[in-house]
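Please read the structure below before turning to the comments.
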Amino acid sequence: MSAEVQLTEIAEVLRKARSIAVLTGAGISAESGIPTFREAQTGLWAQYRAEDLATPDAFVRRPELVWDWYEWRRERVRAAQPNPGHYALAELQRRAPACSLITQNVDGLHQRAGATMVLELHGNILRNKCFDEDCVVDAVLSAMRPPRCPHCGGMVRPDVVWFGEPLPEDVLQHAMRAAQSCDVFLSIGTAALVHPAAQLPMSAAENGATLIEINRDATPLSSMARYSVRALAGEYLPRLVQSAWPEEA
Ligand code: NAD
């Protein structure tokens, strides 16, 4: 099947869908200049692996180092802009009768592109919480690295899910329900390796949904998907949504 015929077919599937669930990963933000974990860290941070910094143990052992790494990542997130892939998914949400957007990303770029009710499985890097009490801390006033919680004086940490930590239960439940009840599931820019997020597309397929993958490289999901497209999300998604709803663009 040629790429154009495939795009037309996928557009038709989307247009006819009653309920769509979308799962995005770091790949959708790559074209906004936010590197994926599997791509090398740069500059000062090149000597560290994300897996060695994004853990509760690392924070307890070297809080200043972990805080500084997150400050560096936050600067990149604040400077980044949503790309055409983020905007196309916000448009998809407006066009489809129902469309849940589930993301493993912590950068908030979907919301900045206009997406609504985004299910953030791994939290949000721009939010903070108390390490001891687990409650959100709105304003960080102290200049300490990391700052201290205004309620209990404990250390403040980014409100993201670290390696070895459970996902927020309510968000995961919502995401599971969306995956199990949709008739079309789109997996975009995710290596589909990190569980339980990687279970969502499988669960959707088991419940009869049409599984569509859009990813730069092949993944463990590729052979399971009804359509597996090798493409850059920021280039492919706008064409797909335009092709599904041409008269409304
Ligand atoms: P990943 O790094 O494991 O995989 C990214 C996938 O996207 C790869 O398969 C790659 O081939 C693909 N890809 C890269 N550029 C692409 C593009 N332009 N278009 C389409 N596909 C592209 O990311 P993951 O599966 O999301 O899992 C890693 C974890 O890292 C997640 O839990 C996430 O929370 C975290 N993370 C988030 C951000 C962010 O918020 N932007 C950035 C880095 C890591």
Side-chain angles (χ1 to χ4, degrees), residues 3 7 10 22-42 45 48-55 66 69-89 101-113 115 118-127 158-168 171-172 175 185-202 212-225 227-241:
L7 180 120
I10 299 174
V22 183
L23 172 68
T24 64
I28 195 161
S29 293
E31 288 157 87
S32 291
I34 301 177
T36 66
F37 271 178
R38 272 158 250 281
E39 278 153 12
Q41 308 218 78
T42 51
W45 300 103
Y48 298 101
R49 293 184 325 141
E51 290 85 339
D52 296 333
L53 295 171
T55 73
V66 173
W69 181 56
Y70 274 95
E71 285 296 280
W72 174 76
R73 290 183 58 202
R74 284 168 164 170
E75 266 170 44
R76 301 182 75 156
V77 165
R78 286 195 192 99
Q81 297 301 326
N83 67 56
H86 295 108
Y87 286 110
L89 290 181
L101 183 42
I102 308 160
T103 189
Q104 298 168 87
N105 294 346
V106 295
D107 55 34
L109 289 178
H110 285 302
Q111 293 91 323
R112 282 172 56 194
V118 180
L119 296 168
E120 293 180 311
L121 291 175
H122 294 165
N124 191 306
I125 196 169
L126 298 177
R127 213 168 42 221
D159 191 0
V160 296
V161 176
W162 279 335
F163 291 100
E165 292 186 320
L167 272 59
V171 182
L172 184 59
F185 191 100
L186 270 169
S187 174
I188 303 168
T190 170
L193 291 171
V194 180
H195 286 263
Q199 244 110 46
L200 295 168
M202 293 177 199
I212 301 167
E213 177 185 60
I214 298 162
N215 212 65
R216 191 190 61 193
D217 306 300
T219 76
L221 212 61
S222 305
S223 58
M224 285 181 60
Y227 299 96
S228 182
V229 182
R230 295 286 74 76
L232 298 182
E235 290 174 8
Y236 195 81
L237 288 171
R239 290 175 55 221
L240 184 60
V241 173

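All ligand and atom numbering here is 1-based and tracks the order in the structure.
- Here atom 31 (C) of ligand 1 lies nearest to H122 when heavy atoms of E120, R216, H122 are compared.
- Interface atoms of ligand 1 facing G25, defined by a heavy-atom separation under 4.0 Å, are 26 (O).
- You'll find the side chain of L121 stays beyond 4.5 Å of the side chain of V161, heavy atoms only.
- Heavy-atom proximity to G189, at under 4.0 Å, picks out these atoms of ligand 1: 5 (C), 6 (C), 7 (O), 21 (N).
- In summary, the atoms of ligand 1 found under 4.0 Å from a heavy atom of E31, numbered by their order in the structure, are 17 (C), 18 (N), 19 (N).
- Both the backbone and the side chain of A233 come within contact range of ligand 1, each with a heavy atom under 4.0 Å.
- In this structure E235 satisfies the salt bridge (charged side-chain N to carboxylate O under 4.0 Å, His left out) test with no other residue, sequence neighbours excluded.
- Contacts between A50 and ligand 1, counted as non-hydrogen atom pairs separated by less than 4.0 Å, are absent for every part of the residue.
- When side chains are defined from C-beta on, R78 counts as touching L126, because their heavy atoms get closer than 4.5 Å.
- Residue contacts with ligand 1 include N215, since one of its heavy atoms falls under 4.0 Å from the ligand.
- The distance criterion of under 3.5 Å between nitrogen or oxygen atoms is met by A26 with respect to ligand 1.
- Less than 4.0 angstrom separates some heavy atom of D107 from each of these atoms of ligand 1: 39 (C), 40 (O), 41 (N).
- With no hydrogens or angles considered, a side-chain donor-acceptor pair links E213 and S228 at under 3.5 Å.
- A donor-acceptor pair under 3.5 Å is absent between the side-chain atoms of H122 and the main chain of V106, judged by distance alone.
- Taking 4.0 Å as the cut-off, A231 counts as a neighbour of ligand 1 on heavy-atom distance.
- Which of R230, E213, Q104, E235 comes nearest to atom 34 (O) of ligand 1 through a heavy atom is settled by distance: it is Q104.
- Summarising the contacts of atom 42 (C) of ligand 1 with S29, G27, P35, S187, the nearest heavy atom is found in P35.
- Contacts of E31 classified as side-chain hydrogen bond (donor to acceptor under 3.5 Å, both in side chains), with partners at least two apart in sequence or in another chain: none.
- Looking at I34 against ligand 1, only its side chain comes within 4.0 Å, counting heavy atoms.
- Short contacts between ligand 1 and A30, defined as distances under 4.0 Å to a heavy atom of the residue, involve ligand atoms 15 (N).
- Of all atoms in ligand 1, listed by their number and element, those nearer than 4.0 Å to a heavy atom of D217 are 10 (C), 11 (O).
- Looking at ligand 1, you'll find an N or O of T190 within less than 3.5 Å of one of its N or O atoms.
- Of the possible polar contacts, none joining the S29 side chain to the A26 backbone as a donor-acceptor pair under 3.5 Å is found.
- Contacts between A191 and ligand 1 below 4.0 angstrom, taking non-hydrogen atoms only, involve backbone and side chain alike.
- With a 4.5 Å cut-off on side-chain heavy atoms, P158 and R74 count as touching.
- Within the 3.5 Å criterion, the main-chain N or O of T190 finds a donor-acceptor partner in the side chain of N215.
- Between Q81 and R112, the closest side-chain pair of non-hydrogen atoms falls below 4.5 Å.
- Using a 4.0 Å cut-off between heavy atoms, A197 makes no contact with ligand 1 at all.
- Looking at heavy atoms from C-beta onward, I28 lies in side-chain contact with L89 at the 4.5 angstrom threshold.
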